[in-house]
Structures are given as C-alpha cells and as structure tokens.
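Take a look at the structure set out below.
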Amino acid sequence: MIEVRRESDGELCGHVRAAGDGWHSLTVFGAVLCTHSSSPEAEAHVRAVGLASLAERWWYRPDPAGEWQIVCIQEANPASVRLALDYYSMPGVPTVTVTRDELESGVALVLEPQ
C-alpha cells in the first residue's frame, strides 16, 4: 500500500494499492473506495474523497453470512476503525472496532452494499 497525503499539510488522506490489472483507492484504515485504471487516478480519488468519506454512512457485515448494517465511523486510523452500529453515533449505541487485518480477511465495510 502506498500512502496518499495532502500536499498542503501532509495529512494522511488514504492509500492506494495495485489490484489485479487496476488500482484501488483506499480509506485511511484500508477499506476500498473505488477501482481505477491507473495509480495517478486512484491517488487523485483518495485526495478528493478519502477524508470526506469518513463522514458518510457506511455498511458493515461482520461475516459473509451476516446481514448488512448501517454504521457511522467514530474514529479511524491506519490500523483500525471504530464504528457506531447505527445511523447516528450517540451515547448508548453499541460500537465495534474493526482492524485492517479483519478487513483483509473478509469483514466487509463499504459505502454501498453489494
């Protein structure tokens, strides 16, 4: 994975990585945002939407047999993401922390469920 940082202040916006015959743009914590035909295209996408995507509602599925659930990102870093298991992050809402390793091994976290 290649870090993508904002030029003005060095803020980490996300990552890109080669994927088959294309490139994936990734969030700070490693979730796939989109597939692109080139590395520069993926990097531009990360700079444009990487950080903003953290404010969106995401869909979470802990295993392939589970149901999709809408979630709200509470905290994100390069190693993990903490999710509020509801549309809003409010006191009393259950949370779960998903590591990058879990994302790479089958836990699904996407902007649009498939």
Side-chain angles (χ1 to χ4, degrees):
M1 272 195 293
I2 302 166
E3 287 186 349
V4 178
R5 295 190 173 269
R6 193 166 45 205
E7 292 180 19
S8 62
D9 62 1
E11 178 75 22
L12 178 63
C13 298
H15 301 85
V16 297
R17 80 168 164 226
D21 59 353
W23 287 81
H24 283 160
S25 54
L26 308 168
T27 62
V28 169
F29 55 89
V32 175
L33 291 167
C34 195
T35 301
H36 307 273
S37 59
S38 70
S39 175
E41 186 180 302
E43 288 180 30
H45 187 250
V46 169
R47 284 192 180 91
V49 302
L51 292 177
S53 73
L54 302 179
E56 299 292 328
R57 298 302 179 260
W58 286 69
W59 290 89
Y60 169 68
R61 186 172 65 183
D63 61 69
E67 292 189 30
W68 288 104
Q69 178 176 1
I70 198 160
V71 295
C72 179
I73 294 174
Q74 290 184 323
E75 179 183 341
N77 63 63
S80 65
V81 59
R82 187 174 64 220
L83 308 169
L85 300 176
D86 202 349
Y87 194 81
Y88 296 105
S89 176
M90 300 182 66
V93 171
T95 63
V96 64
T97 298
V98 178
T99 66
R100 178 174 286 192
D101 290 340
E102 289 172 322
L103 284 173
E104 292 175 0
S105 68
V107 171
L109 186 60
V110 297
L111 283 170
E112 297 285 331
Q114 286 105 22

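These numbers come from a predicted model, not from an experiment.
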Heavy atoms of other groups near D63 CG, more than 12 under 6.0 Å: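 Yes, enclosed.
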
Tell me whether the count of non-hydrogen atoms from other residues, nucleotides or ligands lying under 6.0 Å of CD in E7 goes above 12. no

What distance separates [X] [atom1] from [Y] [atom2], expressed to the nearest 0.5 Å?
X	Y	atom1	atom2	result
L111	T27	CG	OG1	9.0 Å
M1	R100	CE	CZ	3.0 Å
E112	E56	CD	CD	9.5 Å
R5	C13	CZ	SG	8.5 Å
W58	L83	CH2	CG	9.5 Å
E11	R6	CD	CZ	5.0 Å

Side chain to side chain, [X] and [Y], heavy atoms closer than 4.5 Å:
X	Y	result
R57	C72	yes
F29	V98	no
V4	R47	yes

Hydrophobic cluster membership, with links at side-chain heavy-atom distances under 4.5 Å among I/L/V/M/F/W/Y: are [X] and [Y] in one?
X	Y	answer
I70	M90	yes
W68	Y87	yes
L33	W23	no
L26	W59	no
V32	V16	no

Taking all atoms of both residues into account, what is the closest heavy-atom pair of L103 and A31, and its distance?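 What the structure gives for the nearest pair is CD1-N, 4.2 Å.
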
Work out which heavy atom in G66 is nearest to a heavy atom in R61; give both atom names and the distance. O-CD, 3.0 Å

Using a 3.5 Å distance criterion without hydrogens, assess whether the side chain of [X] forms a donor-acceptor pair with backbone atoms of [Y].
X	Y	value
E102	T99	yes
E3	L12	no
S25	V46	no

Quick one: do V93 and Y88 satisfy side-chain contact (heavy atoms from CB on, under 4.5 Å)? Show the steps, please. CA-CA 8 Å; V93 171; Y88 296 105; over 6 Å; no

Does the pair Y60 and V81 meet the rule for a side-chain contact (heavy atoms from CB on, under 4.5 Å), with working shown? CA-CA 12 Å; Y60 169 68; V81 59; over 6 Å; no

Show your reasoning for whether side-chain contact (heavy atoms from CB on, under 4.5 Å) applies to R82 and N77. CA-CA 9 Å; R82 187 174 64 220; N77 63 63; over 6 Å; no

